[in-house]
Amino acid sequence: MRPAAARLLLLNGAPAYGRLAGIVAGVAAGTAMMLVLLGAFLHLPEREDRVAWLTPDGDYAQFDASDQMIPREPQSDALLSATLVDVFDGRTFDGLALAVTPDTTVTMPADIAPPAAGEYYASPAMIELIDSVPASQLGDRWGTLLGPLPDEMLRGPSHRAVLAGVDWEELDTWSSAVVQEEFRTTGPNSASATFRIVVAMGAIALLVPMVLLISIVSALGAAERRERLATVRLIGAGRRAMAILSGLEMAVASLAGALVGVGIAAAVRPLAAQLSINGSTMTVADVTTSPAWTAVVVLGIAALGAGTAAWRAYRDDVGALGATRERAEKPVTAWRTSTLVAGIVIFAGSTAAIRWIPNSATTWQYPLILGFALIAFGIVAAGPWITRRTSLALGARTSSAAGVVAAGRLGRHPRATFRAVAGLVAAVFIVSVFAGGSSAIAGESRVVDAEGMLATDTLVTYLGDDDDAQALAEAVDGIEGVEGAAVGWFSPDATVSGVVFAADDARAIGAIDVPPSGLVAVDLFDMMVGPELSGTDRPGVAEASDADPTALEPSHLLVLTDGSREAIETARTAIVAEASSSLAPSTRVDMEVRGAADVNNELSVMAYLGMGIAIAISALALSVASVAAMLERRRTFGLLRLGGMPVRQLRQTIATEAAVPLAVTLLLSAVLGFAVAGAVLESLSDDLSLQWPDPRYWLALATSLAVAALGIVGTFSAVRRSTELESTRFE
Amino acid sequence: MADPIITASGLTKSFGATAALRGIDLEVARGEVVAVMGPSGSGKSTLIHCLAGVLAPDTGSVAVDGTELTALSADARARFRLERIGFVFQFGQLLPDLTAVENVALPLLMAGARRRDANERSLQWLDRLDLADQAGKSPGDMSGGQAQRVAIARALAPQPSVVFADEPTGSLDSVAAENVLTAMLDVVRESGTTVVLITHDARTAAHADREVIVRDGLLSGTAPVGAR
Ligand SMILES: Nc1ncnc2c1ncn2[C@@H]1O[C@H](COP(=O)(O)OP(=O)(O)OP(=O)(O)O)[C@@H](O)[C@H]1O
Ligand SMILES: [Mg+2]
């Protein structure tokens, strides 16, 4: 290749710069997101390792022949621990109760001093929360604050966690307590696997529009300088040399874009770290990639850009004589659907494996991601074929000139026409996956007050063997906003099932059809879970006439409140401080909070953010593609106008050319997206199932369509201008 | 003239500093085939563009089939072209993405014909121009002469009042040119369509009823072909 020819090709004025600027912008945005996502992907397991100490890992108490717990003697080379399940103002937080002997030899995480009974550590975010409310509402639950938990023990800055010291003999009575010799140092892989899958899918989701952008801009470049390219070919460059040159040009542009992306990533990392994953925001280090990984991403993207451009140049070669005759694309065959089919098979296979083989999520996450990636790329690969099939059907039926022209174009150039909308189609696929996934648990509480149900502001405490129900009831009695307390009993000899209450107490907690006096057995479970789970809207209440009042064992303490946060949290704090259980008292609302709602909200926030970026890149690609299509067909459109085709019909033609591939493939990607989400949910858990997506999904869909419409309408004014009869020459 | 279908008077048209037409008066009779000749750059194409309502002249008036074109808006002129005018150019006027029959059907569809009628009529026209076997081919797969005959079929299919042809055989060798021209003139004469035909070739012009010569934006002569 001669230098003169290279210059002619590479330095060709303003349009080239505009085009390259588009590449740099798109690639920079994509690279920045990829780097952040990769950082998160690589650090997620490590992040779970930091909080491994929160997970007790040892042996539960043994029981003797008479079903009594065998006490565990205090020992210096072991510790007792139990997970604290607690909540404040509707938000759960992590906690571990710990008992060690004063002369303990157990190594503490991050080498902190072991907390003695009545002392506790809390994370900085937790300390902030504790300080923001009266101690009687939160701080008093665990005694005296020793200091903050170090960062090495936390997921991130907003992680709320406590480590509370408890007396050995007391903790030994908690049924959830285990004895262990050391703290865990590695988190369960499963904790980060779901998030890693999501993050990887996000990165792939960004890759698709980025590759498409590069490919579209390369095509536009080739269209713009058909003549130049032909000249260079005439000078003596071979087809391969041309591909290499185009590849080099794009390598430089995408390398520049990737480097800008590294800068953007550095700038947005503090912001990205604010995203909550698994209950906490992240540290900047958690979303930072090592220099080596950064180099891999940058070079990888440059290589991807170069490869895409070179391949396009090789494929679209103008030949030494230039393109005098418009050539149709090589026919697209049904083979184009093979990637999609392979992706579906691999994806379905790995979800099935995760579902049916226990503990296989860690192994199968990789084929799962691969299958997902193949589906995402497969939709894009199959798009032209689907476009062509549709255009054939359209061409045979339409009776409008616009329809015939559009069908002709779609049928002969299915790749080019589909490429314009492919980014959006891929984006819609991804957003459908996430919308489907995050639909599993709606963010809104579905717990409501109803007759016969426990009031939503009543606290339920499960009492331990050693708890003094009467003393606890008296302790909460004087709290402002507490309207009463009722003790429920377990009766060893009652024949009716349920928690035994005095009739007056049963009425007070909201039971209906209660006999006038005496002891009654109440189906407390049904009163708490609601008709959907219990199957009845009249929870059972029965006379417990055969219960022996002297043999009753206290099992529940119910505290009725006025629903104010002060009353609920003060009562909860009073009970947590006294009762011997790892389960804090909770209302029906709190119990629901403990579900996966938070996790899903986090996932969907991430998904919609990524989606926004993918749509933005796709919009860039779509407008570039529309302009390219316009340029390419100036003469065609000019001829149509000359022959008397109204501008309105020309616009219909352009709109049809974009709308047809968009409509059919958008539908396909939405359906596939939901199917994928459904499969993942099925494989992850029994009690997650697909629901109707929330409004954000429809908003994202509407945004995609609006972006598409804007891209199309944007070319409308260009149609009139660029086919102006004064400016087109017909000979 | 007994029954002029085109009446143009005092036509001028400039492109910036270039005066392409400098005052042209022309009448064309219904059913007449007129050849327009003249050197390159003399204004022939500009003239027929003005006569066809593609360009609006700077001054002067053009009436075609009783309609005063200069009084019409651009959109109304587009409508008029669609209904009354056919065009044939030197090459590259067929839509590359459509088959021959679709190309011919296009103006019919634009005018509101039903798909099936449009197809039927298009096939008839292709048949008349000896192209029945090319109907399903796309322009890229045809010879230059075949493509030109498809273009002629397309210009004639909507049964326009006037067909304007700008060097329709200019890109063909002399044998093919002769074939295309006779094919066109046969059907034109049969249907009584008026034709205004630009050509550089005297042999082509010899097929016309009359020839006019344009020089520097002015008509420098007009003569019945036989009179020379
Ligand atoms: N759209 C335009 N913009 C600027 N100048 C134009 C335009 N169209 C025509 N001209 C100029 O007007 C003059 C007449 O052009 P026209 O195309 O009518 O010539 P012609 O007789 O058809 O020539 P040829 O035989 O080479 O086709 C020429 O000088 C040409 O450069
Ligand atoms: Mg000309």
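Note on naming: letters A, B, ... go to the chains in the order of the sequence lines (proteins, then strands), and numbering restarts at 1 for each one. Because the structure is predicted, anything quoted here is derived from the model rather than measured. All values below come from the heavy atoms of this structure, side chains included, with hydrogens, waters and symmetry mates left out.
When atom types are taken as modelled, the side chain of B:Arg81 and the backbone of A:Leu642 share a donor-acceptor pair closer than 3.5 angstrom. Side-chain N or O atoms of B:Arg115 include one that pairs as donor or acceptor with a backbone N or O of A:Gly395 at under 3.5 Å.
To the nearest 0.5 Å, atom CG of residue A:Leu640 and atom CG of residue B:Leu106 are 6.0 Å apart. Taking CG of A:Leu639 as the start and CZ of B:Phe87 as the end, the distance is 10.0 Å to the nearest 0.5 Å.
With a 4.5 Å cut-off on non-hydrogen atoms, A:Ala406 does not touch chain B at all. Looking at B:Ala111, neither its backbone nor its side chain comes within 4.5 Å of chain A, counting heavy atoms on both sides.
Considering only heavy-atom pairs separated by less than 4.5 Å from chain A, the leading option among B:Glu102, B:Gln93, B:Arg116 is B:Gln93. Residue with the most contacts toward chain B among A:Ala401, A:Gly411, A:Ser400: A:Ala401 (heavy-atom pairs, distance under 4.5 Å).
Proximity to chain B at a heavy-atom threshold of 4.5 Å picks out A:Gly644, A:Met645, A:Gln649 from residues 644-663 of chain A, in numerical order.
For B:Leu109 against A:Val404, the heavy-atom pair with the smallest separation is CD1-CG2, 3.3 Å.
Side-chain contact annotation: A:Arg412 with B:Ser138, donor-acceptor N/O pair under 3.5 Å present.
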